[in-house]
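What follows is a short report on a single structure.
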Amino acid sequence: MEIKITTHDIKKAMNVWTLATATVDGKTYRIQMVRFDEPSIYGIRQGRISKLYVADADHNAVINYDRGWDIRPKTAETKALLAAIVKQFN
C-alpha cells in the first residue's frame, strides 16, 4: 500500500495545527491535526497528536480523535493511513 502525505499549512498558536492531504493507493484524504510540543497522556498513543480529523474525498469522517477516539479507523486503508500519520507526526 502506497501512502503519501503532503503538508499544506502549519500554524503555531498554543499548539501546532497542521493541515495536510494524504493519498492512499490513489484515494485522497484530508487531514487536520493539533500537536503538542511534547508527548502527552491526551495524545494518540500518549504522543504529540491530541486532535486528528481525517475525511475522505466525499467529506465523510473516517478518523476522528479529540483527546480520545470518536471514530476509529475501520478499513485496512485507514488503519495504514493512521499508522503513517502517527509515524510522521507523533
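For the pair Gln46/Pro39, no side-chain contact is recorded, criterion being any heavy-atom separation below 4.5 Å from C-beta on. Taking 4.5 Å as the limit, some side-chain heavy atom of Ile63 sits within range of a side-chain heavy atom of Trp69. Contact annotation: the side chain of Leu52 approaches that of Leu82 to within less than 4.5 Å [non-hydrogen atoms, C-beta and beyond].
Separating the CZ atom in Arg48 from the CG atom in Asp37 is a distance of 6.5 Å, to the nearest 0.5 Å.
Residue pairs that meet the ring pair (Phe, Tyr, Trp, His ring centres under 6.0 Å) test with at least one member in residues 70-90, sequence neighbours left out, do not exist here. The ring pair (Phe, Tyr, Trp, His ring centres under 6.0 Å) contacts involving residues 42-63 comprise nothing, where partners must be two or more places apart or lie in separate chains. Within the structure, side-chain hydrogen bond (donor to acceptor under 3.5 Å, both in side chains) pairs that include any residue of residues 20-34 comprise His8-Thr21, Tyr29-Glu77 (at least two apart or interchain).
Checked against side-chain hydrogen bond (donor to acceptor under 3.5 Å, both in side chains), Thr6 has no partners two or more places apart in sequence or in another chain. Shown here are the side chain to side chain contact (heavy atoms under 4.5 Å, CB included) partners of Ala80, two or more places apart in sequence or in another chain: Met1, Ile3. Partners of Asp70 by salt bridge (Lys or Arg N to Asp or Glu O under 4.0 Å), not counting sequence neighbours: none found.
The two residues Thr7 and Ala20 come nearest to each other via the heavy atoms CA-CB, 3.9 Å.
Checked by atom type and distance alone, the side chain of Asn90 pairs as donor or acceptor with a backbone atom of Ile49 at under 3.5 Å. A distance-only check finds no donor-acceptor pair linking the side chain of Asp58 to the backbone of Asn60 [under 3.5 Å].
Between the side chains of Thr18 and Arg35, at least one donor N or O sits under 3.5 Å from an acceptor N or O.
Taken together through direct or relayed side-chain contacts under 4.5 Å among Ile, Leu, Val, Met, Phe, Trp and Tyr, Ile44 and Leu19 form parts of separate hydrophobic clusters.
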Let's go through Val62 and Thr75 carefully: what are the C-alpha distance in whole Å and the side-chain angles of both, what is the deciding distance for side chain to side chain contact (heavy atoms under 4.5 Å, CB included) to 0.1 Å, and is it a yes or a no? CA-CA 9 Å; Val62 294; Thr75 66; over 6 Å; no
